[in-house]
Visitor: 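There's a structure below that I have some questions on.
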Amino acid sequence: MEKIVITYCGSQPIICKIIKEEDFYLEGELLYPFVAVKFDYFKENHGLTTREVQVDPKPVIHALYRICETVVKNSEKILVNAAPLQQHVRSMAASLHREKRRFDFAINALDAMQIDADDLQFLSKRAATRLTESISDLISTGEIDFVNPQAQNYERELERILDENDFVKDIDKNIILKKTIFWAENLQADANYGHIRFKTIRTPNPQFEMPKHLYGAVSEDEFLTPKEGFMPFFLGTQFGLIPTFTDEKFGQLEGQKIAVLGKSKLSGLIAGLGIYEVKNGKRKEIAYFRNERIFVAKSLK
């Protein structure tokens, strides 16, 4: 069964998908800070006990990370050394020959890097081919294609990965990371508003995350009409409120309390939930519940 894991090489977090784990065998793919670098590793069986047949993923992942980092650090040097080659291959008529010359150069460039021998033992043929192809592409495009676009934003990338997976296992700290909705937890813990449920309009249906027991879909008339224990719910973005009403329609909420979930339409990040009172067609904030944390960790010990 596939799983997503986090491990740390020094202070650098590495996110990796474990595709297959069997006796003496490990298969996976780097997701952060390098992406789409697949690998496999066979552990030699030299009189190992039953407990030793499983491959520890950490040294394999760490070694591949360090090798990728070495390629990135040598990228400028590779481009300088490849300049004469580039001038030569431009004059070659057949594109197949050009690609072969670049690939041969990339193999030599990878071999010439000062990669630690302990790390090389974990470099599978699949991963080596991927890196060689990346070096060959570097010569053509000037860019390393396996650097994750979010390499400088670990928390955002982790949030994105958690959006697509039930959990991520931190195999160094032995904890499970799960995404949670802290604005909702903070709201429900509040003495004044913890009992409130929200009204949403069936259509259009804005995309937001909320525990299902907190809201119910209603018609537009029901949405605008006061109801004890319920509050109209809006999605607040930099482009305005959703659902959208004319001033006249919005005026029907006069004197009511409404809830506005602040969410960026560009980044998707949720800031928190504001409770407002509508007065003279304007909103006045009376309470706010921040989405202060993104992840909750559950110890496996």
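This chain uses plain numbering: 1 for the first residue, then up along the sequence. It should be emphasised that the depicted structure is a prediction, and the values quoted were computed from it without experimental measurement.
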Visitor: Looking just at side-chain N and O atoms, do T225 and E222 make a donor-acceptor pair shorter than 3.5 Å?
Guide: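 E222 and T225 do not have a side-chain donor-acceptor pair below 3.5 Å.
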Visitor: Determine, using the 4.5 Å side-chain heavy-atom cutoff (strictly less than), whether M113 and L123 are members of one ILVMFWY cluster.
Guide: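 Per the 4.5 Å side-chain linkage, M113 and L123 are co-clustered.
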Visitor: Is it the case that over 12 heavy atoms from other parts of the model lie below 6.0 angstrom from the CG atom of D247?
Guide: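 Open.
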Visitor: Just so I know, are the side chains of D40 and L26 near enough to count as touching, which here means a heavy-atom distance under 4.5 Å?
Guide: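 D40 vs L26: side chains apart.
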Visitor: Show me the donor-acceptor pairs within less than 3.5 Å that the side chains of residues 57-74 make with the rest of the protein, sequence neighbours left out.
Guide:
from : atom 1 : to   : atom 2 : distance (Å)
H62  : NE2    : T7   : OG1    : 2.8
H62  : NE2    : Y8   : O      : 3.2
Y65  : OH     : E69  : OE2    : 3.0
R66  : NE     : D119 : OD1    : 3.3
R66  : NE     : D119 : OD2    : 3.0
R66  : NH2    : D119 : OD1    : 2.8
T70  : OG1    : R66  : O      : 2.9
N74  : ND2    : T70  : O      : 2.7

Visitor: Near E164 CD, under 6.0 Å, is it more than 12 heavy atoms from other residues, nucleotides or ligands?
Guide: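 Above 12, so yes.
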Visitor: For the side chain of N165 and the backbone of F167, is there at least one donor-acceptor N/O pair under 3.5 Å apart?
Guide: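 Side chain of N165 to backbone of F167: no pair is present.
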Visitor: With hydrophobic residues grouped by side-chain heavy-atom distances under 4.5 Å, do L79 and L131 end up in a single group?
Guide: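 Same hydrophobic cluster.
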Visitor: Who pairs with T129 by side-chain contact (heavy atoms from CB on, under 4.5 Å), at least two apart in sequence or on another chain?
Guide: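 Counting only residues at least two positions away or on another chain, T129 forms a side-chain contact (heavy atoms from CB on, under 4.5 Å) with K125, E133.
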Visitor: Centres of the F198 and F233 rings: under 6.0 Å?
Guide: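 Distance test on ring centres: under 6.0 Å, yes.
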Visitor: Applying salt bridge (Lys or Arg N to Asp or Glu O under 4.0 Å) as the test, list every pair that has at least one member in residues 272-288; sequence neighbours left out.
Guide: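 Every pair satisfying salt bridge (Lys or Arg N to Asp or Glu O under 4.0 Å) with a residue in residues 272-288: there are none.
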Visitor: Run L31 and E157 through side chain to side chain contact (heavy atoms under 4.5 Å, CB included) and show every step you take.
Guide: CA-CA 9 Å; L31 302 178; E157 184 63 1; 5.7 Å; no
Visitor: Scan residues 129-155 for pairs that pass ring-ring contact (aromatic ring centres under 6.0 Å, His included), counting only residues two or more places apart or in two chains.
Guide: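 Found Y32-Y154, F34-F146.
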Visitor: After noting the C-alpha distance and the side-chain angles of Q121 and D118, does the key distance pass the side chain to side chain contact (heavy atoms under 4.5 Å, CB included) rule?
Guide: CA-CA 6 Å; Q121 67 175 312; D118 290 338; 4.2 Å; yes
Visitor: Is the closest basic N to carboxylate O distance between K38 and E27 below 4.0 Å?
Guide: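 Not counted as a salt bridge, because no side-chain N and carboxylate O are separated by less than 4.0 Å.
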Visitor: Going through the checks in order, is the side chain to side chain contact (heavy atoms under 4.5 Å, CB included) test met by N108 and L110?
Guide: CA-CA 5 Å; N108 293 331; L110 186 61; over 6 Å; no
Visitor: Are more than 12 heavy atoms from other residues, nucleotides or ligands located less than 6.0 Å from atom CD of E76?
Guide: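 No - once you tally the heavy atoms of other residues, nucleotides and ligands closer than 6.0 Å, there are 12 at most.
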Visitor: Determine whether L30 and Y25 fall in the same hydrophobic cluster, where Ile, Leu, Val, Met, Phe, Trp and Tyr are linked whenever their side-chain heavy atoms lie under 4.5 Å apart.
Guide: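 No: no chain of side-chain contacts under 4.5 Å links L30 to Y25.
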Visitor: Is a side-chain N or O of S134 found less than 3.5 angstrom from the main chain of R130, in a donor-acceptor match?
Guide: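 Yes; at least one donor-acceptor contact below 3.5 Å.
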Visitor: Do L138 and V35 belong to the same hydrophobic cluster, where Ile, Leu, Val, Met, Phe, Trp and Tyr are linked whenever their side-chain heavy atoms lie under 4.5 Å apart, directly or via other members?
Guide: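 No; tracing contacts between hydrophobic side chains, which count when under 4.5 Å, never links both residues.
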Visitor: Looking only at heavy atoms, which two atoms of L241 and G236 are closest? And how far apart?
Guide: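 Looking at all heavy atoms of both residues, the shortest contact is CD2-CA, 3.9 Å.
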Visitor: Taking all non-hydrogen atoms of both residues into account, name the closest pair between P13 and P33 and its distance.
Guide: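 Nearest pair, atom of P13 first, then P33: O-CD, 3.8 Å.
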Visitor: Let me check something: do Y288 and M231 share a hydrophobic cluster, defined by ILVMFWY side-chain heavy atoms less than 4.5 Å apart, either directly or through other members?
Guide: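 As far as the 4.5 Å side-chain criterion goes, M231 and Y288 are not connected within one cluster.
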Visitor: When the aromatic ring centroids of F223 and F234 are compared, is their separation below 6.0 Å?
Guide: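 Yes - the distance between ring centres of F223 and F234 falls below the 6.0 Å cut-off.
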Visitor: Apply the test side chain to side chain contact (heavy atoms under 4.5 Å, CB included) to residues I15 and V5: give CA-CA distance (whole Å), side-chain angles for both, the deciding distance (0.1 Å), then the verdict.
Guide: CA-CA 6 Å; I15 306 177; V5 302; over 6 Å; no
Visitor: If I compare all heavy atoms of V55 with all of F24, which pair ends up nearest, and what's the gap?
Guide: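 It is CG2-C, 3.6 Å.
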Visitor: Listing request: all side-chain hydrogen bond (donor to acceptor under 3.5 Å, both in side chains) pairs with a residue in residues 188-199, at least two apart in sequence or in separate chains.
Guide: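 Output for this query lists Q188-H213.
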Visitor: How about V168 and I161: do any of their side-chain heavy atoms sit closer than 4.5 Å?
Guide: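 Heavy-atom side-chain distance check passes, below 4.5 Å.
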Visitor: Would you mind listing every side-chain hydrogen bond (donor to acceptor under 3.5 Å, both in side chains) that reaches into residues 10-22, with sequence neighbours excluded?
Guide: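 Output for this query lists K3-E21.
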Visitor: Rounded to the nearest 0.5 Å, what separates atom CD1 in I201 from atom OG in S219?
Guide: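 Reported to 0.5 Å precision, the distance equals 8.0 Å.
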